[in-house]
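Here the structure is laid out as structure tokens; the discussion comes afterwards.
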Amino acid sequence: MRLSRYFLPTLREDPAEAEVISHKLMLRAGMIRRLASGIYSFLPLGLRALRKVERIVREEMDRAGALEVLLPLVQPAELWKETDRWDRFGKELLRFKDRKEHDFCLGPTHEEVITDLVRGEVRSYRQLPLILYQIATKFRDEIRPRFGLMRGREFIMKDAYSFDADEEGLDRSYRLMYETYERIFSRCGLRFTAVLADTGAIGGEESHEFMVLAETGEDVIASCPSCGYAANLEMAEAVREYFYPEEEERPLEKVSTPGVRKVEEVAAFLGVPTWKLVKTLLYLVDGKPYAVLVRGDHELNEVKLRRALGAEKVEMADPETVERLTGAPVGFAGPVGLSGLTIIADKAVAGLKNFVTGANEEDAHYVNVNHPRDFKIEAFFDLRNVTEGDLCPRCGKPLELTRGIEVGHVFKLGTKYSEAMGATFLDREGKERPFVMGCYGIGVSRTVAAAIEQNHDENGIIWPLALAPFHAALLTLGADSDLLQASERLYQALWESGVEVLWDERDERPGVKFKDADLIGLPYRVVLGKKFKSEGKVEIKPRRGGETLMLSPDEAVSFLASKVKEAQSS
RNA sequence: CGGGACGUGGCUCAGCCUGGUAGAGCACUGGGUUCGGGACUCAGGGGUCGCAGGUUCAAAUCCUGCCGUCCCGACCA
């Protein structure tokens, strides 16, 4: 492609709308443009990168024996009512009516549609297992879209669904998809890890997330360098036991703490360490009030809370509810004297002596609180986020916390959807049974952003060869006809030998070409300039750094062709 | 949904507090010089100052409402 004829509007300055690096760079490199909040157009360069991811996904899914379909974006409400998700799915489900006043939604995911398709067509265990997938646009009306393609409302996703006759079959399909995902992200040239995950709103039994490791990731991963255990925060079990020093229980005492609410403020005010405080968090769990106790220096994890109580929905009580339950404004809740709700606690609270809590009274705290002397805890659970220093639940060595971007998610769904929708087949004995299902997603557009988030420097993107929109940039520095003719011959020869090259033959100064080349970050930069005129050599420089090669045009072609071939066969 | 910030040529922003003929840099068009890390110069084109109302002799500027965008939080592949 000749750059003078390409559509590549690069920006020299960071656009005001972007905060994270991948978003800034994608805008600056002319890959995407925003149409509305969380909704983006792909420009030619961005589309080429997207297609690279899609192609790898497609090849690997096909290799695994999955079959590609294309399902509708617009879906009728009736289908969603069958699984009750019409009511249960939050506002992310964008609903609307057609001209006949029939309810529809934009598909945020396609379990209902695929289950409907399969229940109509698949009758026998002999047709199983079946794995169907699509690469398509999804729409989720996110509460707060942000970070460009990382959390858009409209996005490209690969979603796959497996149908098996039994649990063993599901295990095989799940394993197959897990391995396929490892192949996909390896081929993309990304550093990633698979972690244990919660199944969330989609529901199901077992789940792993595939995380691209990047400092700027939204998710925290707990991993164990010794044994390879890895889980996201919701799943990482806090196994560390605390043995508190023997202390005599001192008498309960109410102290005045005017205007002091936050843990750090209270600790500083009373001159005690933050771990001697116990936070009392008020929650509505499926509508019922709970007081949840967590040590002052720990953080409650709501997903753990939901799971511990087997609840559908947990939400923090609003200030009015807090006041009604405790008789005090937010910031002074405590377990002593609380009634009409259930008190539970994180395990780390067990055995803590003479701690500090709110007094359910404005500007007052209790000191020397003791359990069970002063109040009663119904049950202890693992409710807190692990922190640096927590121990691996599998091998007991210290855990490390790193950040990642979720690009893939695999679930075992079981029969949740097939039962709800009456999707059944006849087994060997002629008995009707629901399909045992799995579902497997990859955020395709997010993967592009994650790749940039993981691979960039102060000058721009540094594409992994497998995802690069072009393999190389050819810069012609100068406009004399010899140079242009030699460049054109090289350009043709590169394409003919399988090297996708973007030729910058614009009438621009060298600095402009170098800056743009760095910004769009193609893996190799090939320069024809002075050295070519004097010595007949072209300059090849890897974008990632490393030595610059001076080669003849023929050598340059075979060098780049071999690099490309190498990457494609890995 | 709560809190905060912002909205002025395609982009980045100044001007607003203290009302008085709409600006800069980049980008774009034409000329000249330049040519290995975002050149210089001359001449140009391009703006309902987010929208609607109000105050005023006069509103980008002050007031009210709405819309949009971004950030933090709750939520989520």
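Within every chain, numbering begins at 1; the chains are lettered A, B, ... in the order of the sequence lines, protein sequences first and strands thereafter. What you see is a predicted model; the values in this text were computed from it and never measured.
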Considering only heavy atoms and no angle criterion, is a donor-acceptor pair shorter than 3.5 Å present between the side chain of A:R28 and the base of B:rG38? yes
Describe the nucleic acid contact of A:V407 in one word from base, sugar-phosphate, nothing, applying a heavy-atom distance below 4.0 Å. nothing
Within the side chain of A:D482, is there an N or O that forms a donor-acceptor pair under 3.5 Å with the backbone of A:Q485? no
Mind checking what makes side-chain contact (heavy atoms from CB on, under 4.5 Å) contact with A:L176, not counting sequence neighbours? A:A64, A:I131, A:T180
At less than 4.0 Å, is any side-chain N or O atom of A:R12 found next to OP1 or OP2 of B:rC26? Yes or no. no
Checking side-chain contact (heavy atoms from CB on, under 4.5 Å) between A:T193 and each of A:V212, A:L213, A:T402, which is the one that passes? A:L213
In terms of heavy-atom contacts, A:L73 and A:F139 come closest through CD1-N, 4.3 Å
Readout for nucleotides 7-12 of chain B: B = base within 4.0 Å of protein heavy atom, S = sugar-phosphate only, - = neither; 5' to 3' it is -----S
Residue closer to the 5' end of RNA chain B, A:D507 versus A:I143 (nearest nucleotide): A:D507
In residues 448-459 of chain A, what residues come within less than 4.0 Å of RNA chain B, judged by heavy atoms? none
Counting Watson-Crick and G-U wobble pairs only, both distances under 3.5 Å, name the nucleotide matched with B:rC26, or none. B:rG10
When all nucleic acid strands are considered with a 4.0 Å heavy-atom cut-off, which category describes A:R33: base, sugar-phosphate, or nothing? nothing
Considering only heavy side-chain atoms of A:R146, the closest of B:rC71, B:rA77, B:rG36 is B:rC71
Would you mind classifying the nucleic acid contact of A:F139 as base, sugar-phosphate or nothing, using non-hydrogen atoms under 4.0 angstrom? nothing
Of A:E142, A:E406, A:E92, A:E19, the residue whose pairing with A:R151 passes salt bridge (Lys or Arg N to Asp or Glu O under 4.0 Å): A:E142
